[in-house]
Peer 1: 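Dumping the structure here so I can ask a few things about it.
Proteins get letters first, then strands, A, B, ... in listed order; numbering begins at 1 in each.
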Protein chains: 2
Amino acid sequence: MEMRRDIFQAIADPTRRAIIALVAAQAMTPGAIAAEFSSSRQTISRHIQILTECQLLRQDQKGREIHYHLNPNQFKEIADFIEPFRQLWDDRFNKLEALMNNPTNP
Amino acid sequence: MEMRRDIFQAIADPTRRAIIALVAAQAMTPGAIAAEFSSSRQTISRHIQILTECQLLRQDQKGREIHYHLNPNQFKEIADFIEPFRQLWDDRFNKLEALMNNPTNP
DNA sequence: TATATTTGCAGTCAAATAGCTGCACTATGG
DNA sequence: CCATAGTGCAGCTATTTGACTGCAAATATA
(Lines give C-alpha, C1' and ligand atoms only; values in the text may rest on other atoms or scores of the structure.)
Protein backbone atom coordinates (compact mmCIF):
# COMPACT_ATOMS: atom_id res chain seq x y z
CA MET A 1 0.00 0.00 0.00
CA GLU A 2 2.68 2.40 1.06
CA MET A 3 4.71 3.48 -1.92
CA ARG A 4 8.42 3.74 -1.43
CA ARG A 5 9.19 7.39 -0.81
CA ASP A 6 12.17 9.02 -2.31
CA ILE A 7 13.68 12.26 -1.25
CA PHE A 8 12.86 14.05 -4.50
CA GLN A 9 9.19 13.35 -4.00
CA ALA A 10 9.49 14.47 -0.39
CA ILE A 11 10.71 17.93 -1.32
CA ALA A 12 8.26 18.25 -4.21
CA ASP A 13 5.59 19.54 -1.86
CA PRO A 14 5.90 23.23 -0.95
CA THR A 15 4.53 22.69 2.55
CA ARG A 16 7.20 20.10 3.22
CA ARG A 17 9.92 22.44 1.98
CA ALA A 18 8.57 25.08 4.34
CA ILE A 19 8.69 22.60 7.21
CA ILE A 20 12.30 21.82 6.35
CA ALA A 21 13.15 25.52 6.37
CA LEU A 22 11.48 25.92 9.76
CA VAL A 23 13.17 22.96 11.38
CA ALA A 24 16.52 23.90 9.90
CA ALA A 25 16.64 26.93 12.18
CA GLN A 26 15.79 25.01 15.33
CA ALA A 27 14.30 21.71 16.48
CA MET A 28 10.54 22.00 16.88
CA THR A 29 7.58 19.97 18.12
CA PRO A 30 4.83 18.94 15.66
CA GLY A 31 2.42 21.26 17.44
CA ALA A 32 4.72 24.24 17.07
CA ILE A 33 5.31 23.41 13.41
CA ALA A 34 1.61 23.03 12.71
CA ALA A 35 0.94 26.41 14.33
CA GLU A 36 2.90 28.01 11.50
CA PHE A 37 0.53 26.72 8.84
CA SER A 38 -3.14 27.07 8.10
CA SER A 39 -3.59 23.34 7.48
CA SER A 40 -4.81 21.05 10.25
CA ARG A 41 -2.42 19.65 12.79
CA GLN A 42 -2.99 16.11 11.50
CA THR A 43 -2.17 17.13 7.95
CA ILE A 44 1.10 18.70 9.04
CA SER A 45 1.78 15.62 11.15
CA ARG A 46 1.44 13.51 8.02
CA HIS A 47 3.97 15.69 6.19
CA ILE A 48 6.34 15.35 9.11
CA GLN A 49 5.91 11.59 8.94
CA ILE A 50 6.82 11.55 5.26
CA LEU A 51 9.90 13.68 5.89
CA THR A 52 10.90 11.37 8.71
CA GLU A 53 10.49 8.28 6.50
CA CYS A 54 13.03 9.80 4.13
CA GLN A 55 15.24 10.55 7.13
CA LEU A 56 15.18 14.22 6.31
CA LEU A 57 13.95 14.76 9.85
CA ARG A 58 14.98 12.97 13.02
CA GLN A 59 13.04 12.57 16.25
CA ASP A 60 14.20 13.55 19.68
CA GLN A 61 11.76 12.43 22.35
CA LYS A 62 11.65 14.59 25.47
CA GLY A 63 8.93 13.45 27.83
CA ARG A 64 5.67 13.67 26.00
CA GLU A 65 7.06 16.12 23.49
CA ILE A 66 8.87 15.10 20.33
CA HIS A 67 11.37 17.51 18.89
CA TYR A 68 12.11 17.15 15.21
CA HIS A 69 15.41 18.32 13.85
CA LEU A 70 16.97 18.32 10.43
CA ASN A 71 19.29 15.61 9.14
CA PRO A 72 21.37 17.45 6.56
CA ASN A 73 23.13 14.31 5.34
CA GLN A 74 20.11 13.34 3.29
CA PHE A 75 20.52 16.40 1.10
CA LYS A 76 23.55 14.77 -0.43
CA GLU A 77 21.37 12.76 -2.79
CA ILE A 78 19.89 15.95 -4.19
CA ALA A 79 23.29 17.57 -4.36
CA ASP A 80 24.69 14.59 -6.25
CA PHE A 81 21.96 14.98 -8.83
CA ILE A 82 22.57 18.63 -9.63
CA GLU A 83 26.31 18.63 -9.07
CA PRO A 84 27.19 17.57 -12.64
CA PHE A 85 25.38 20.64 -13.93
CA ARG A 86 26.70 23.05 -11.36
CA GLN A 87 29.73 24.14 -13.35
CA LEU A 88 27.41 25.16 -16.17
CA TRP A 89 25.82 27.95 -14.22
CA ASP A 90 27.70 28.71 -11.03
CA ASP A 91 30.56 31.10 -11.64
CA ARG A 92 31.40 31.16 -7.96
CA PHE A 93 31.82 27.41 -8.02
CA ASN A 94 34.09 27.71 -11.05
CA LYS A 95 36.35 30.10 -9.17
CA LEU A 96 36.44 27.77 -6.20
CA GLU A 97 37.16 24.83 -8.44
CA ALA A 98 40.01 26.69 -10.09
CA LEU A 99 41.52 27.37 -6.69
CA MET A 100 41.09 23.75 -5.75
CA ASN A 101 42.78 22.41 -8.86
CA ASN A 102 45.55 24.96 -8.78
CA PRO A 103 45.99 25.97 -5.18
CA THR A 104 49.52 27.36 -5.32
CA ASN A 105 49.33 29.20 -8.62
CA PRO A 106 48.15 32.79 -9.11
CA MET B 1 -7.18 23.14 -14.87
CA GLU B 2 -3.48 23.00 -15.42
CA MET B 3 -1.68 23.33 -12.12
CA ARG B 4 1.31 25.60 -11.96
CA ARG B 5 4.39 23.44 -12.33
CA ASP B 6 7.38 24.04 -10.23
CA ILE B 7 10.82 22.66 -10.76
CA PHE B 8 10.78 20.52 -7.62
CA GLN B 9 7.73 18.71 -8.86
CA ALA B 10 9.36 18.32 -12.26
CA ILE B 11 12.35 16.43 -10.86
CA ALA B 12 10.22 14.38 -8.47
CA ASP B 13 9.55 11.84 -11.22
CA PRO B 14 12.37 9.35 -11.83
CA THR B 15 11.64 9.12 -15.54
CA ARG B 16 12.03 12.87 -15.85
CA ARG B 17 15.33 12.78 -13.98
CA ALA B 18 16.50 10.10 -16.39
CA ILE B 19 15.48 12.28 -19.32
CA ILE B 20 17.46 15.14 -17.85
CA ALA B 21 20.52 12.92 -17.50
CA LEU B 22 20.17 11.79 -21.11
CA VAL B 23 19.75 15.24 -22.57
CA ALA B 24 22.59 16.60 -20.43
CA ALA B 25 25.05 14.59 -22.49
CA GLN B 26 23.72 15.73 -25.85
CA ALA B 27 20.69 17.34 -27.45
CA MET B 28 18.16 14.70 -28.51
CA THR B 29 14.86 14.42 -30.37
CA PRO B 30 11.73 13.19 -28.55
CA GLY B 31 11.79 10.04 -30.64
CA ALA B 32 15.37 9.27 -29.67
CA ILE B 33 14.63 9.96 -26.02
CA ALA B 34 11.54 7.77 -26.05
CA ALA B 35 13.56 4.93 -27.58
CA GLU B 36 15.55 4.77 -24.34
CA PHE B 37 12.47 3.99 -22.25
CA SER B 38 9.87 1.28 -22.19
CA SER B 39 6.98 3.76 -21.88
CA SER B 40 5.08 4.88 -24.93
CA ARG B 41 6.36 7.72 -27.08
CA GLN B 42 3.42 9.91 -26.10
CA THR B 43 4.04 9.39 -22.40
CA ILE B 44 7.67 10.42 -22.79
CA SER B 45 6.55 13.34 -24.90
CA ARG B 46 4.35 14.46 -22.03
CA HIS B 47 7.29 14.31 -19.64
CA ILE B 48 9.34 16.38 -22.07
CA GLN B 49 6.54 18.91 -22.21
CA ILE B 50 6.52 19.23 -18.41
CA LEU B 51 10.28 19.68 -18.33
CA THR B 52 10.02 22.30 -21.05
CA GLU B 53 7.30 24.18 -19.15
CA CYS B 54 9.74 24.52 -16.26
CA GLN B 55 12.41 25.63 -18.72
CA LEU B 56 14.61 22.74 -17.70
CA LEU B 57 14.70 21.82 -21.40
CA ARG B 58 14.85 24.10 -24.40
CA GLN B 59 13.73 23.39 -27.93
CA ASP B 60 15.82 23.68 -31.04
CA GLN B 61 13.73 23.17 -34.14
CA LYS B 62 15.54 21.69 -37.13
CA GLY B 63 13.16 20.98 -39.96
CA ARG B 64 10.60 18.53 -38.69
CA GLU B 65 12.85 17.40 -35.92
CA ILE B 66 13.02 19.12 -32.55
CA HIS B 67 16.20 18.81 -30.58
CA TYR B 68 15.85 19.25 -26.85
CA HIS B 69 18.80 20.42 -24.83
CA LEU B 70 19.36 21.14 -21.17
CA ASN B 71 19.02 24.60 -19.64
CA PRO B 72 21.31 24.36 -16.62
CA ASN B 73 20.34 27.79 -15.29
CA GLN B 74 17.12 26.38 -13.90
CA PHE B 75 19.02 24.15 -11.54
CA LYS B 76 19.94 27.22 -9.55
CA GLU B 77 16.59 27.17 -7.80
CA ILE B 78 17.30 23.68 -6.51
CA ALA B 79 20.84 24.61 -5.59
CA ASP B 80 19.61 27.64 -3.67
CA PHE B 81 17.35 25.40 -1.65
CA ILE B 82 20.01 22.97 -0.51
CA GLU B 83 22.88 25.43 -0.35
CA PRO B 84 22.18 26.53 3.24
CA PHE B 85 22.61 22.91 4.36
CA ARG B 86 25.59 22.11 2.22
CA GLN B 87 28.24 23.11 4.73
CA LEU B 88 26.71 20.69 7.21
CA TRP B 89 27.65 17.62 5.23
CA ASP B 90 30.03 18.43 2.38
CA ASP B 91 33.64 18.33 3.52
CA ARG B 92 34.86 19.01 0.03
CA PHE B 93 32.81 22.16 -0.07
CA ASN B 94 34.28 23.22 3.25
CA LYS B 95 37.78 22.86 1.87
CA LEU B 96 36.86 24.90 -1.19
CA GLU B 97 35.26 27.50 1.00
CA ALA B 98 38.35 27.71 3.14
CA LEU B 99 40.45 28.31 0.06
CA MET B 100 38.01 30.95 -1.09
CA ASN B 101 38.15 32.82 2.19
CA ASN B 102 41.89 32.48 2.45
CA PRO B 103 43.23 32.66 -1.09
CA THR B 104 46.75 31.76 -2.14
CA ASN B 105 48.15 35.22 -1.75
CA PRO B 106 49.30 35.58 1.87
C1' DT C 1 0.91 15.95 -55.35
C1' DA C 2 0.89 11.82 -52.64
C1' DT C 3 3.08 9.39 -48.90
C1' DA C 4 5.75 8.53 -44.92
C1' DT C 5 7.98 10.37 -40.73
C1' DT C 6 8.18 13.21 -36.64
C1' DT C 7 5.80 15.39 -33.21
C1' DG C 8 2.13 17.38 -30.25
C1' DC C 9 -2.59 17.35 -28.36
C1' DA C 10 -7.18 15.52 -26.64
C1' DG C 11 -9.61 11.99 -24.13
C1' DT C 12 -9.81 8.24 -20.81
C1' DC C 13 -8.60 5.48 -16.74
C1' DA C 14 -6.29 3.66 -12.58
C1' DA C 15 -3.35 4.91 -8.93
C1' DA C 16 -1.33 8.15 -5.85
C1' DT C 17 -1.68 12.37 -3.08
C1' DA C 18 -3.10 15.81 0.19
C1' DG C 19 -6.59 17.44 2.76
C1' DC C 20 -10.05 16.71 6.57
C1' DT C 21 -12.34 14.45 10.96
C1' DG C 22 -12.40 11.28 14.66
C1' DC C 23 -10.20 8.23 17.79
C1' DA C 24 -6.54 6.00 20.55
C1' DC C 25 -2.25 6.17 23.01
C1' DT C 26 1.26 8.21 26.23
C1' DA C 27 3.01 11.29 29.65
C1' DT C 28 2.52 15.03 32.98
C1' DG C 29 0.25 17.21 37.03
C1' DG C 30 -3.18 17.62 40.68
C1' DC D 1 -6.48 7.80 39.93
C1' DC D 2 -8.29 11.13 36.78
C1' DA D 3 -8.07 15.07 33.69
C1' DT D 4 -5.45 17.36 30.24
C1' DA D 5 -2.03 18.15 26.68
C1' DG D 6 0.82 16.36 22.86
C1' DT D 7 1.03 12.91 19.01
C1' DG D 8 0.20 9.39 15.82
C1' DC D 9 -2.92 6.45 13.07
C1' DA D 10 -7.19 5.00 10.44
C1' DG D 11 -10.65 6.13 7.24
C1' DC D 12 -12.94 9.08 3.82
C1' DT D 13 -12.99 12.30 -0.27
C1' DA D 14 -11.58 15.41 -3.95
C1' DT D 15 -7.77 16.44 -6.85
C1' DT D 16 -3.67 15.35 -9.36
C1' DT D 17 -0.72 12.35 -11.83
C1' DG D 18 1.16 9.13 -15.11
C1' DA D 19 0.12 5.84 -18.43
C1' DC D 20 -2.30 4.44 -22.64
C1' DT D 21 -4.73 5.06 -27.43
C1' DG D 22 -6.12 7.67 -31.27
C1' DC D 23 -5.82 11.57 -34.23
C1' DA D 24 -4.16 15.91 -36.36
C1' DA D 25 -0.48 19.08 -37.95
C1' DA D 26 3.88 19.89 -40.14
C1' DT D 27 7.86 18.59 -42.89
C1' DA D 28 10.66 15.79 -45.91
C1' DT D 29 10.85 12.65 -49.90
C1' DA D 30 9.44 10.22 -54.12
Side-chain angles (χ1 to χ4, degrees), chain A residues 1-23 26-71 78 81, chain B residues 1-23 26-71:
Chain A
M1 216 57 153
E2 194 67 30
M3 187 77 185
R4 153 135 178 68
R5 300 268 176 199
D6 78 12
I7 195 174
F8 291 97
Q9 198 173 3
I11 64 164
D13 186 274
T15 301
R16 286 197 284 268
R17 289 200 301 279
I19 292 175
I20 289 173
L22 268 179
V23 176
Q26 55 181 330
M28 293 175 75
T29 65
I33 297 171
E36 301 286 329
F37 298 92
S38 55
S39 300
S40 75
R41 182 191 60 76
Q42 289 89 338
T43 295
I44 299 298
S45 174
R46 173 76 179 135
H47 283 305
I48 294 174
Q49 181 187 338
I50 290 170
L51 291 170
T52 306
E53 280 174 14
C54 299
Q55 315 217 352
L56 275 164
L57 299 188
R58 289 237 166 108
Q59 302 185 357
D60 208 2
Q61 185 104 27
K62 295 211 171 124
R64 68 181 163 189
E65 291 185 347
I66 301 177
H67 293 261
Y68 285 89
H69 61 94
L70 201 66
N71 174 24
I78 306 170
F81 173 66
Chain B
M1 218 58 155
E2 193 68 30
M3 188 76 185
R4 151 136 179 65
R5 298 271 175 197
D6 78 10
I7 194 175
F8 292 96
Q9 200 173 3
I11 64 164
D13 186 272
T15 302
R16 287 198 284 269
R17 289 200 299 279
I19 292 175
I20 288 172
L22 268 178
V23 175
Q26 56 181 330
M28 293 176 74
T29 65
I33 296 171
E36 301 286 330
F37 297 91
S38 55
S39 300
S40 73
R41 182 192 61 76
Q42 289 89 336
T43 294
I44 299 299
S45 175
R46 174 75 180 135
H47 283 305
I48 294 174
Q49 180 188 336
I50 290 170
L51 291 170
T52 306
E53 281 174 14
C54 299
Q55 315 219 351
L56 276 164
L57 300 188
R58 289 237 165 107
Q59 303 185 356
D60 207 3
Q61 185 103 28
K62 297 212 170 122
R64 71 181 159 186
E65 291 184 347
I66 301 178
H67 293 260
Y68 285 88
H69 60 94
L70 201 67
N71 174 24

Peer 1: Find the distance A:L57:CG to D:dT7:P and express it as a whole number of Å.
Peer 2: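 Rounded to the whole Å, the gap is 14 Å.
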Peer 1: Write down the distance between CD (B:Q9) and P (D:dT16), rounded to a whole number of angstrom.
Peer 2: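 In whole Å, D:dT16 P lies 10 Å from B:Q9 CD.
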Peer 1: Measure from CG on B:D60 to C1' on C:dT7 and round the result to the nearest Å.
Peer 2: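 Taking CG of B:D60 and C1' of C:dT7, I get 15 Å after rounding.
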Peer 1: Starting at the 5' end of DNA chain C and moving along, which residue's nearest nucleotide shows up first, B:T29 or A:Q61?
Peer 2: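 Result: B:T29.
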Peer 1: Among A:L56, A:I48, A:I19, A:D60, which one satisfies side chain to side chain contact (heavy atoms under 4.5 Å, CB included) with A:Y68?
Peer 2: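 That would be A:I48; it is the only one of A:L56, A:I48, A:I19, A:D60 passing the side chain to side chain contact (heavy atoms under 4.5 Å, CB included) with A:Y68.
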Peer 1: Kindly compute the distance separating CZ (B:R46) from CD (B:Q49), expressed to the nearest 0.5 Å.
Peer 2: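 If I round to the nearest 0.5 Å, the distance is 4.5 Å.
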Peer 1: Once you apply a heavy-atom cut-off of 4.0 Å, does A:T43 come out as touching a base, just sugar-phosphate, or nothing?
Peer 2: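 A:T43: base contact, heavy atoms under 4.0 Å.
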Peer 1: When the distance from NE2 of A:H47 to C1' of D:dT7 is rounded to whole Å, what number comes out?
Peer 2: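 To the nearest whole Å, that distance equals 16 Å.
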Peer 1: Please give, in whole Å, the distance from D:dA19 P to B:I19 CD1?
Peer 2: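 From B:I19 CD1 to D:dA19 P: 9 Å.
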Peer 1: I want to confirm an ordering. Mapping A:T15 and A:K62 to their closest nucleotides on DNA chain C, which one lands closer to the 5' end?
Peer 2: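 Upstream on the strand: A:T15.
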Peer 1: What integer distance in Å separates A:E65:CD from C:dA27:P?
Peer 2: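 Atom CD in A:E65 sits about 13 Å away from atom P in C:dA27.
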Peer 1: Find the distance A:F37:CZ to C:dG19:C1' and express it as a whole number of Å.
Peer 2: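 Checked: the CZ to C1' distance equals 15 Å.
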Peer 1: Between B:S40 and B:R64, who's closer to the 5' end of DNA chain D by nearest nucleotide?
Peer 2: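 Its nearest nucleotide lies further toward 5', so the answer is B:S40.
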Peer 1: Would you confirm whether A:Q42, through its side chain, and A:I44, through its main-chain N or O, come within 3.5 Å as a donor-acceptor pair?
Peer 2: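 No; zero donor-acceptor contacts below 3.5 Å.
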Peer 1: Rounded at 0.5 Å granularity, tell me how far CG in B:L57 sits from CZ in B:R16.
Peer 2: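 Output value for this atom pair is 11.0 Å.
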Peer 1: By side chain to side chain donor-acceptor pair (under 3.5 Å), which residues pair with A:R17, not counting sequence neighbours?
Peer 2: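 Result, side chain to side chain donor-acceptor pair (under 3.5 Å) vs A:R17: B:D6.
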Peer 1: So, A:R58 and A:H69: side-chain donor and acceptor under 3.5 Å apart, yes or no?
Peer 2: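 A:H69 and A:R58 do not have a side-chain donor-acceptor pair below 3.5 Å.
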Peer 1: For A:F81 together with A:F8, are the ring centres under 6.0 Å from each other?
Peer 2: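 Ring-ring flag for A:F8/A:F81: true, centres closer than 6.0 Å.
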Peer 1: Return the polar atom pairs (N/O with N/O) between nucleotides 8-10 of chain C and the protein under 3.5 Å, or none.
Peer 2:
residue, atom, partner, partner atom, Å
C:dG8, OP1, B:Y68, OH, 2.3
C:dG8, OP2, B:S45, OG, 3.3
C:dG8, N7, B:R41, NH1, 3.4
C:dG8, O6, B:R41, NH2, 2.9

Peer 1: Quickly work out the B:D6 CG to D:dT16 P distance and round it to whole Å.
Peer 2: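 Taking atom P of D:dT16 as the reference, CG of B:D6 is at 14 Å.
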